[in-house]
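As structure tokens, the structure follows; a few thoughts come after it.
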Amino acid sequence: MKGMHGLDFDPRTDMAICCGQTEAFAAAVFAIIDPGDEVVLFDPSYETYGGCIRMAGGIPVYVALEPPHWTLDPDRFINSFTARTKAVILNSPHNPTGKVFTKDELETIAGACCRRDCMAITDEIYEHITYDNIKHISLASLPGMQERTIITSSLSKTFSVTGWRVGWAIAPAFFASAIRNIHIKITDSAPAPFQEAALTALRSPPEYFEKLRREYESKRDYIVHLIAGIGFQIKFKPQGAFFLFAELPENYLLSDVEYVKELIKQAGVVAVPGCGFFHTTLSTEKLSQVGCSYQERYVRFAFCKSSATLAAAAQKLAELSDAMGCVTGGKNA
């Protein structure tokens, strides 16, 4: 944290080791959210966030990011705050879109948290997977934010060990203590052998992280070219993480769910319907620009796969594309 973000934490008091980022995030929410508290999230968002907030008795308040570049409207964000707002959730790099929040956007979020005396919980699990020389900035590194931010992350994505379940929450000692107490009640401890392995992984030299970026950037470019080649609208190229959130071709009358079902049946390729990540809508004025059903027009493709798997998917998608009308079920003939 010191070397990568310039942040000073005491490892004896300010850190909680958990069973993956998912548990670290849940424990952080349970530590600070009381029944009736409102929590601001950006939409689309990873589906587990809202569930954790509701389990804690909190109320998720979703702020829509504007497609196609998923930009943050400062006024919409500020207007989402009320007297009951307790915290803001930030996931950057972002799942599902691959967006990396800009410095200006982070300053807007930080400024609102400081003025409103709100906490922030960040999910920074993709911090080392960014592209095109874009750098991840931790919200906690902005003025006034270290004392009010809980950082959650894990070993999973950076070291390709998603099943090992070693994650962490980093926060001021008062919050970290509460998170540890909750963690002990939920899972007791993360797997000890994998914690030992984590020590080796976290000592990786800078060259490892750079190689990781280059490899994923190559895969990103491959899948962007592939998906665009079968007619998808690629209006936003992922800046981080390892997902492509692509918009269905304009002439497809299928919804995202219908398309994914056909994709599985006819090509044996699995993607995720985008509607599961949406929880709100834009204003009436914005809807007239992007279409009323834009939440049903996106499909998330993951490219954290081997080259052989990506090549096989490319072959199947090409064959499917050549079969006229197969992905649309005949509805757009």
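For clarity, every value in this text was computed on a predicted model and none was experimentally measured.
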Mind checking whether His128 and Phe209 have parallel, tilted or perpendicular rings, split at 30° and 60°?
-> tilted

Determine whether Leu65 and Thr71 make a side-chain contact, defined as any pair of heavy atoms from C-beta on separated by less than 4.5 Å.
-> no

Are Glu215 and Lys219 close enough for a salt bridge, meaning some N to O gap below 4.0 Å?
-> no

With the 4.5 Å side-chain cut-off for hydrophobic clustering, are Ile186 and Ile184 part of the same group?
-> no

Do the side chain of Arg300 and the main chain of Pro273 share a donor and acceptor less than 3.5 angstrom apart?
-> no

For Trp164, the ring-ring contact (aromatic ring centres under 6.0 Å, His included) test, sequence neighbours excluded, returns Phe194

Does a salt bridge link Asp8 with Lys2, judged by any charged N lying under 4.0 Å from a carboxylate O?
-> yes

Tightest non-hydrogen contact, residues Thr280 and Gln295, listed as O-NE2, 3.2 Å

Least distance between heavy atoms, Ala241 atom then His94 atom = CB-O, 4.1 Å

Under 4.5 Å between side-chain heavy atoms, hopping through other hydrophobics if needed: is there a path connecting Phe25 to Met119?
-> yes

Ile59 and Tyr62: same hydrophobic cluster, using ILVMFWY side-chain contacts below 4.5 Å?
-> no

Under 4.5 Å between any side-chain heavy atoms of Lys103 and Ile137, yes or no?
-> yes

Distance in Å, Ile179 CD1 paired with Asp14 CG, rounded so as to fall on 0.5 Å steps | 10.5 Å

List in chain and number order the residues that pass salt bridge (Lys or Arg N to Asp or Glu O under 4.0 Å) with Glu38, two or more places apart in sequence or in another chain; answer none if no residue qualifies.
-> Arg84

Is it true that Arg213 and Glu210 have a side-chain N and a carboxylate O under 4.0 angstrom from each other?
-> yes

Any side-chain heavy-atom pair of Phe77 and Val88 under 4.5 Å | yes

Aromatic ring centroids of His136 and His5 under 6.0 Å?
-> yes

Spacing of CG belonging to Leu317 relative to CG belonging to Leu263, to within rounding of 0.5 Å = 6.0 Å

Any donor-acceptor N or O pair under 3.5 Å, side chains Ser153, Glu124 | no

Return yes if some donor-acceptor pair links the side-chain N/O of Asp37 with the main-chain N/O of Asp34 below 3.5 Å, else return no.
-> yes

Honestly, is Lys99 close enough over Phe101, meaning NZ or CZ under 6.0 Å from the six-membered ring centre and within 45° of the axis?
-> yes

Between Ile121 and Tyr49, is any pair of side-chain heavy atoms under 4.5 Å apart?
-> no

Phe174 backbone acceptor or donor facing Ser177 side chain under 3.5 Å | no

Output, in order, the C-alpha distance, side-chain angles, deciding distance and verdict of side-chain contact (heavy atoms from CB on, under 4.5 Å) for Ile150 and Ile170.
-> CA-CA 6 Å; Ile150 300 172; Ile170 305 176; over 6 Å; no

Kindly state whether the ring of Phe278 and the ring of Tyr294 have centres lying under 6.0 angstrom apart.
-> yes

Rounded distance [0.5 Å steps], CD1 in Ile17 versus CG in Leu155 = 10.0 Å

Minimum heavy-atom distance between Ala171 and Ala176, given as atom pair plus value | O-CB, 3.8 Å

Transitive ILVMFWY side-chain link Ile134 to Leu212, under 4.5 Å = no

If a pair satisfies ring-ring contact (aromatic ring centres under 6.0 Å, His included) and one of its residues is in residues 298-322, list it, with sequence neighbours excluded.
-> Trp70-Tyr298, Phe232-Phe301, Phe245-Tyr298

For the atom pair CE (Met145) and OG1 (Thr122), what is the distance rounded to the nearest 0.5 Å?
-> 9.0 Å

Between Phe42 and Ile89, is a side-chain contact (heavy atoms from CB on, under 4.5 Å) present by the stated rule, with each step listed?
-> CA-CA 7 Å; Phe42 301 109; Ile89 307 300; over 6 Å; no

Name all residues meeting the side chain to side chain contact (heavy atoms under 4.5 Å, CB included) criterion together with Thr162; count only those two or more places apart in sequence or in a different chain, and write none if there are none.
-> Ser156, Lys157

Please identify each residue that fulfils side chain to side chain contact (heavy atoms under 4.5 Å, CB included) with Val224, with sequence neighbours left out.
-> Arg220, Ile234, Lys237, Pro238, Leu244

Flag the pair Pro60 / Arg54 as yes when at least one side-chain heavy-atom distance between them is below 4.5 Å, and no otherwise.
-> yes

Short question: side chain of Gln239, backbone of Pro93 - any donor-acceptor pair under 3.5 Å?
-> no

Could you verify whether a donor N or O on one side chain and an acceptor N or O on the other, from Ser138 and Ser141, lie under 3.5 Å apart?
-> no

Is it true that Tyr131 and Tyr222 fall in one hydrophobic cluster, defined by side-chain heavy atoms closer than 4.5 Å?
-> yes

Short question: side chain of Glu105, backbone of Leu72 - any donor-acceptor pair under 3.5 Å?
-> yes

Take Leu41 and His279 through the side-chain contact (heavy atoms from CB on, under 4.5 Å) test and state the conclusion after the steps.
-> CA-CA 10 Å; Leu41 306 91; His279 306 82; over 6 Å; no

From CA spacing to verdict: side-chain contact (heavy atoms from CB on, under 4.5 Å), Thr85, Arg116 | CA-CA 8 Å; Thr85 302; Arg116 298 279 189 155; over 6 Å; no

Is the closest side-chain heavy-atom distance between Ser45 and Phe277 below 4.5 Å?
-> no

Non-hydrogen side-chain atoms of Asp73 and Glu66 separated by less than 4.5 Å | yes

Where the side chain of Asp256 meets the backbone of Arg297, is there a donor-acceptor pair that is under 3.5 Å apart?
-> no

Hey, does Val299 have a side-chain heavy atom less than 4.5 Å from the side chain of Val272?
-> no

To the nearest 0.5 Å, tell me how far Leu90 CG sits from Asp123 CG.
-> 8.5 Å

Closest approach of Cys19 and Pro191, non-hydrogen atoms and distance?
-> SG-CD, 4.5 Å

When rounded to the nearest 0.5 angstrom, what is the spacing between CE in Met15 and CD1 in Ile151?
-> 8.5 Å

Closest heavy-atom contact between Leu253 and Glu258?
-> O-OE1, 4.3 Å

Whether Ser204 side chain and Tyr208 backbone form a donor-acceptor pair below 3.5 Å = no

Crowding at NE2, His225 (>12 non-hydrogen neighbours, <6.0 Å) = no

Of all the heavy-atom pairs spanning Glu47 and Gly276, show the shortest one and how long it is.
-> CB-O, 4.2 Å

Within 6.0 Å of CD in Glu250, more than 12 heavy atoms from elsewhere = no

Sorted by chain and residue number, the salt bridge (Lys or Arg N to Asp or Glu O under 4.0 Å) partners of Asp117 (sequence neighbours excluded) come out as Arg148

